[in-house]
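Below: one structure, written as structure tokens.
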Amino acid sequence: MKKTLSLKEIFQGKITRLGIEEIILAATGLQKQFSKINIRLINRILYTTLINNTPTIAIVSLRVLSKFCAKQDNILKDNFVFLILAESSTIPADLKNLPAGLDVTVAASKYDEHYLKSLLKELIREKFQETVFVHGVLLEAEGKGILITGASGIGKTTAALKTAAKDYYWVADDIAVIKKNKHGELIAAGHKKISNYLHTEATGIIPVVNLLKPERIKKSTKLVAVVEVEKTTKYDAPVIIEGGKYILGKKLICFHINIPSTGYFNENLLVKAITQLS
């Protein structure tokens with residue numbers, strides 16, 4: 001059975017994330033339900049209208065916005081259910097007065113069209129497929145999946161490697177693919193194209209088996225906690241703050257580790273956080 005969602009469910013809590021600064025709701029609000037929805041970037045105006053029977057969220061590029069407003073007949077012909085104007089803080093008057101029967105929500109976002117497209121693709125994947133992609137390193141400690149996030153070069157991969165070589169298990173580097181199973185648990189794995197590789201400044205991109213024994217490597221893990229690493233000038237020594245983080249609607253334990261601006265994340269800090277989890 002296909003999953004059916006309303007626009008309200010799709011955009012719930014995501015308006016700010018999309019950089020939306022003004023929004024005018026359709027006559028029915030965001031109540032329409034869909035089992036499939038397209039994302040289309042409009043960065044040029046066609047003389048002929050594309051045949052489109054699938055409900056579509058359209059991103060209108062700033063450089064064609066005036067022409068788009070002048071050709072509102074295209075809005076009538078296309079199956080648009082949501083228009084997002086890129087790099088715009090306000091909605092033009094022409095789009096504020098769409099025919100009442102059109103039932104299209106219009107919004108203005110401060111973000112450019114390409115960033116908006118990536119955000120919307122991620123949002124649709126999350127809502128319909130219950131899958132998210134997160135930049136980070138995955139390992140398993142005592143049967144618990146741990147996702148380590150933070151800026152590149154902060155020490156995530158090196159710290160995880162050192163612990164996986166001893167007591168824990170390596171799962172993935174760079175991209176964590178997180179899905180919700182039928183029991184509501186979050187299952188995390190590496191991206192299929194790069195799951196067998198890792199990257200460090202010292203080694204570059206190499207197969208994981210070059211550094212770890214096969215028995216220290218797992219394909220996936222049940223995710224229960226997140227370790228967020230951030231450099232800051234606020235503290236002179238590392239500080240671990242325990243809290244919570246939601247992924248796909250499920251609350252996980254989250255350890256936020258503040259590193260002095262001249263320092264790096266290391267094996268000892270990772271083990272300390274995992275010990276608190278235990």
Side-chain angles (χ1 to χ4, degrees), residues 12-17 119 122-123 126-127 130-181 183-191 195 198-200 212 216-278:
Q12 187 84 40
K14 303 295 182 179
I15 295 299
T16 302
R17 176 75 179 92
L119 289 176
E122 179 182 310
L123 176 60
E126 174 186 338
K127 296 294 185 174
E130 293 194 312
T131 302
V132 294
F133 290 13
V134 181
H135 172 66
V137 178
L138 274 171
L139 75 156
E140 184 177 288
E142 300 171 4
K144 303 177 180 70
I146 314 292
L147 172 64
I148 310 167
T149 66
S152 297
I154 206 167
K156 304 184 301 294
T157 302
T158 302
L161 274 173
K162 288 182 177 180
T163 59
K166 298 176 182 177
D167 303 310
Y168 304 149
Y169 295 91
W170 176 270
V171 182
D173 187 33
D174 195 39
I175 298 175
V177 182
I178 306 169
K179 299 182 179 184
K180 185 182 286 185
N181 66 14
H183 304 295
E185 300 167 326
L186 299 184
I187 305 301
H191 191 285
S195 60
L198 60 80
H199 175 269
T200 69
L212 292 173
R216 306 311 305 173
I217 303 169
K218 289 195 171 184
K219 292 291 186 183
S220 63
T221 184
K222 186 170 78 172
L223 189 63
V224 300
V226 179
V227 175
E228 295 179 335
V229 186
E230 181 181 15
K231 284 193 175 185
T232 177
T233 57
K234 188 176 179 181
Y235 303 102
D236 296 325
V239 175
I240 301 177
I241 302 170
E242 184 175 342
K245 185 179 183 69
Y246 284 92
I247 295 180
L248 292 174
K250 186 174 181 65
K251 188 176 182 180
L252 304 176
I253 295 172
C254 180
F255 297 101
H256 191 93
I257 303 181
N258 293 293
I259 306 293
S261 56
T262 56
Y264 290 91
F265 185 58
N266 59 39
E267 174 189 3
N268 294 332
L269 288 169
L270 177 56
V271 171
K272 189 174 181 180
I274 291 173
T275 299
Q276 288 184 218
L277 176 64
S278 301

Query - Criterion side chain to side chain contact (heavy atoms under 4.5 Å, CB included) on Lys14 and Glu126, from CA distance to verdict - result: CA-CA 12 Å; Lys14 303 295 182 179; Glu126 174 186 338; 3.7 Å; yes
Side-chain donor-acceptor pairs under 3.5 Å in residues 241-253, sequence neighbours left out?
unit_1	atom_1	unit_2	atom_2	d
Lys245	NZ	Glu228	OE2	3.2

**Report entry** side-chain hydrogen bond (donor to acceptor under 3.5 Å, both in side chains) partners for Thr131, two or more places apart
**Finding:** none
Query raised in the report: How about Lys231: does its NZ atom have over 12 heavy atoms from other parts shown lying under 6.0 Å from it?
Result: yes
**Report entry** Non-neighbouring partners of Gln276 that pass side-chain hydrogen bond (donor to acceptor under 3.5 Å, both in side chains), sequence neighbours left out
**Finding:** none
Report summary line: Separation between CG (Leu186) and OG (Ser220), nearest 0.5 Å, reads 12.5 Å
**Report entry** Leu119 side chain near Leu123 side chain, heavy-atom distance below 4.5 Å
**Finding:** no
**Report entry** side chain to side chain contact (heavy atoms under 4.5 Å, CB included) partners for Asn266, two or more places apart
**Finding:** Asn268, Leu269
**Report entry** Partners passing salt bridge (charged side-chain N to carboxylate O under 4.0 Å, His left out) against Lys166 (at least two apart in sequence or in another chain)
**Finding:** Glu267
**Report entry** Residue pair Ile259 / Tyr235, side-chain heavy-atom distance below 4.5 Å
**Finding:** no
Query raised in the report: Can you pull the side-chain hydrogen bond (donor to acceptor under 3.5 Å, both in side chains) pairs that have at least one residue in residues 132-159, sequence neighbours excluded?
Result: His135-Asp174, Glu140-Lys218, Glu140-Thr221, Glu142-Ser278, Thr157-Asp173
**Report entry** salt bridge (charged side-chain N to carboxylate O under 4.0 Å, His left out) involving Lys222 - partner list, sequence neighbours excluded
**Finding:** Glu185
Report task. Looking only at non-hydrogen atoms, find the nearest pair between Ala160 and Trp170 and report the distance. Result -> CB-CZ3, 3.8 Å
Query raised in the report: When rounded to the nearest 0.5 angstrom, what distance separates OG in Ser261 from CD in Glu230?
Result: 11.5 Å
Query raised in the report: If you measure from the Lys or Arg side-chain nitrogens to the Asp or Glu carboxylate oxygens, is any gap between Glu122 and Lys127 under 4.0 Å?
Result: no
Requested in this report: Show your working on side chain to side chain contact (heavy atoms under 4.5 Å, CB included) between Ile187 and Ile178 and close with a plain yes or no.
Outcome: CA-CA 6 Å; Ile187 305 301; Ile178 306 169; over 6 Å; no
Query - Closest non-hydrogen atom pair, Leu138 against Gly190 - result: CD1-N, 4.5 Å
**Report entry** Distance (rounded to the nearest 0.5 Å) between Tyr169 OH and Leu139 CG
**Finding:** 11.5 Å
Query raised in the report: CD1/Ile257 to CD1/Ile240 distance, rounded to the nearest 0.5 angstrom?
Result: 4.5 Å
Query raised in the report: Got a second to check how far Leu270's CG is from Thr163's OG1, nearest 0.5 Å?
Result: 5.0 Å
Requested in this report: Starting from the C-alpha separation in whole Å, work towards a yes-or-no answer on side chain to side chain contact (heavy atoms under 4.5 Å, CB included) for Ile146 and Tyr168.
Outcome: CA-CA 10 Å; Ile146 314 292; Tyr168 304 149; over 6 Å; no
**Report entry** Leu161/Leu198 under side chain to side chain contact (heavy atoms under 4.5 Å, CB included): CA gap, chis, key distance, verdict
**Finding:** CA-CA 10 Å; Leu161 274 173; Leu198 60 80; 3.7 Å; yes
Query raised in the report: CG of Asp236: more than 12 outside heavy atoms within 6.0 angstrom?
Result: no
Requested in this report: To the nearest 0.5 angstrom, please state how far the CZ atom of Phe255 sits from the NZ atom of Lys272.
Outcome: 11.5 Å
Query raised in the report: If you take all heavy atoms of Leu223 and Ala188, which pair is closest and at what distance?
Result: CB-CB, 4.3 Å
**Report entry** Counterpart residues, ring-ring contact (aromatic ring centres under 6.0 Å, His included), relative to His191 (two or more places apart)
**Finding:** Phe133
Report summary line: What one should report as the nearest heavy-atom pair of Val171 and Ala189 is CG1-CA, 4.3 Å
